[in-house]
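Starting from 1, each residue takes its place in the sequence as its number. Keep in mind that this is a model prediction, so the values were computed, not measured.
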Amino acid sequence: MIKQPNELTFNDKKFSMILYGAPGVGKTTLALSAPNPILIDFDRGVSRVKAYHRTLTIVCSTYEEVLSDIEAPEIKDCETIVIDTGGSFVSFLQAWAMRINPAVNRQKDGKTISQKGFGAVKQEFQRFTNYVRDTLDKNVIYVFHSDEQKDKDGNPQYRILCEGAAKNIVWQPCDFGGYVQMVGNNRVVTFSPTQEFFAKGCYGIEGQMVVSTIGPTDKNNFITNLFAMARENIAKDAEAFVPLKEQYDKTMAEATATIDAIETAEDATHAIFVLSQLEHALTSKREASAMLKAKADELGFVLDKEKMMYREAE
């Protein structure tokens, strides 16, 4: 389906997110503040979520069970799939890869995954994420534990805890990546990278945000509100783009008419002046120049760059 820029409203855009931090900092509860979520409990940790914040949950023993459960009717009305944790998900995928093709995906000891097996895990991780987001049309949130590492000077750095090649691909498709931590008595999530930890923000979502403490009667809606804010920012950006697009269309129409009328080298030289006087917007100046060059080449005209005039090729 081809859409005009003014039709790209993104009112129903689905987002992908990573939340990571130390155990016990409240990552799962925060993830479940997304719109109408379902939790895939790879980590067997839903019991640690307070009862009044629990949601529809897939409790699984194998990856095959998950593939079956996400096609269940109950999933249809869910808007967000929370994967907790991404590291445990990779472990499930490793076991799955060794079951489906043991000859290739297992090492000779029969117990550990092979290099080709890791490749299968990486491929399936990507496929599953794309399927949930694009085919099922759901938001996707990956919850990870953090892994403390040291830089060359011995300073602590925190990264997602994930085995194998999957940790190298999870960030790329994500719209948001938040590091969750306690700062004093406040739980905060940060969407801007620092020397200490990696993070990711877009659509106007950046910096550090305090996550309010919620009780039994409070709505758990932090990420729901964050997604709504991002969509509002996208809409504002689209509104600001409309006048520029209108000017671009007008300028390109004028440029096209000028270039189509070229018959002689003198016409092409005059076109240089006309194009320079147009009110350009977006990429119109570059595109118009390319169109003029193509027309001149077609007619066999050569540009004298010192005099900025065309002449017929000798």
Side-chain angles (χ1 to χ4, degrees), residues 1-17 122-123 126-127 129-131 133-135 137 139-140 168-177 191-193 198-207 227 229-314:
M1 179 184 297
I2 299 175
K3 291 187 176 183
Q4 295 297 327
N6 62 315
E7 298 178 294
L8 300 174
T9 60
F10 301 106
N11 292 331
D12 298 322
K13 174 175 171 54
K14 297 301 183 289
F15 297 109
S16 57
M17 172 183 276
K122 179 180 177 180
Q123 184 177 17
Q126 291 176 306
R127 188 207 67 81
T129 302
N130 293 340
Y131 178 72
R133 185 190 61 216
D134 302 332
T135 302
D137 196 30
N139 301 303
V140 187
N168 299 322
I169 63 170
V170 296
W171 284 103
Q172 184 177 356
C174 272
D175 299 300
F176 312 107
F191 294 102
S192 296
F198 188 73
K200 185 178 182 180
C202 60
Y203 308 125
I205 305 301
E206 57 186 12
F227 284 176
M229 186 189 311
R231 290 192 183 95
E232 183 178 339
N233 291 339
I234 292 171
K236 289 179 180 177
D237 181 66
E239 290 174 5
F241 174 78
V242 169
L244 289 173
K245 182 60 169 61
E246 290 176 348
Q247 182 59 51
Y248 166 86
D249 290 339
K250 178 182 178 182
T251 300
M252 289 305 298
E254 294 171 346
T256 299
T258 298
I259 292 168
D260 286 347
I262 294 175
E263 294 182 355
T264 66
E266 289 76 13
D267 293 338
T269 299
H270 181 65
I272 296 176
F273 172 77
V274 173
L275 297 184
S276 70
Q277 299 303 302
L278 295 178
E279 185 177 347
H280 288 282
L282 301 174
T283 59
S284 64
K285 186 174 183 179
R286 183 173 68 249
E287 291 183 47
S289 295
M291 291 168 57
L292 174 57
K293 182 180 184 305
K295 182 71 171 183
D297 290 345
E298 177 187 337
L299 296 175
F301 301 150
V302 177
L303 177 64
D304 185 331
K305 293 184 179 180
E306 290 186 3
K307 297 180 179 179
M308 287 304 295
M309 59 182 295
Y310 280 100
R311 57 178 174 79
E312 294 187 4
E314 296 178 357

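- Contact record, Phe176 with Cys202: CE2-O, 3.3 Å, taken as the closest heavy-atom pair.
- In this structure, CE on Met291 lies 9.5 Å from CD1 on Ile262, to the nearest 0.5 angstrom.
- Salt-bridge formation is not detected for the pair Glu246/Lys250: no Lys NZ or Arg NE/NH1/NH2 atom is positioned less than 4.0 Å from an Asp or Glu carboxylate oxygen.
- For the atom pair Glu254 CD and Gln277 CD, the distance stands at 12.0 Å (nearest 0.5 Å).
- Residues Ile234 and Asp237 fail the side-chain proximity criterion, which asks for heavy atoms closer than 4.5 Å.
- Note that NE2 of His270 is 7.5 Å distant from OG1 of Thr258, once rounded to the nearest 0.5 Å.
- The backbone N or O of Met309 lies less than 3.5 Å from no partner atom in the side chain of Asp304, so there is not a single donor-acceptor pair.
- Counting heavy atoms from C-beta outward, Leu292 and Tyr310 have side chains that approach closer than 4.5 Å.
- Distance check: Thr256 OG1 to Lys295 NZ gives 11.0 Å after rounding to the nearest 0.5 Å.
- Heavy-atom minimum distance, Phe301 versus Glu263: CZ-O, 3.6 Å.
- With a 6.0 Å radius and a threshold of 12 heavy atoms from other residues, nucleotides or ligands, Arg286 has its CZ atom at or below the threshold.
- Contact record, Ser192 with Gly207: OG-N, 2.7 Å, taken as the closest heavy-atom pair.
- Other residues, nucleotides and ligands contribute only 12 or fewer heavy atoms inside 6.0 Å of the NZ atom of Lys285.
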Q.
Checking Met229 against Ile205 for the side chain to side chain contact (heavy atoms under 4.5 Å, CB included) test, could you report, in this order, the C-alpha distance in whole Å, the side-chain angles of both residues, the deciding distance, and whether it holds?
A. CA-CA 8 Å; Met229 186 189 311; Ile205 305 301; 3.6 Å; yes
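- Phe15 approaches Asp175 most closely through the heavy-atom pair CA-OD2, 3.3 Å.
- Dense packing is recorded around CD of Gln126, with more than 12 heavy atoms of other residues, nucleotides or ligands lying under 6.0 Å away.
- A distance-only check finds a donor-acceptor pair linking the side chain of Asp267 to the backbone of Thr264 [under 3.5 Å].
- With Arg311 contributing its side chain and Ala265 its backbone, the two residues share no donor-acceptor pair below 3.5 Å.
- Closest heavy-atom contact between Phe191 and Glu206: CB-CA, 4.0 Å.
- Checking side-chain atoms of Thr251 against main-chain N and O of Gln247 turns up a donor-acceptor pair under 3.5 Å.
- Distance check: Lys307 NZ to Thr269 OG1 gives 11.0 Å after rounding to the nearest 0.5 Å.
- For the atom pair Lys14 NZ and Asp137 CG, the distance stands at 4.0 Å (nearest 0.5 Å).
- Between Tyr248 and Thr283, the shortest heavy-atom contact is CE1-OG1, 3.8 Å.
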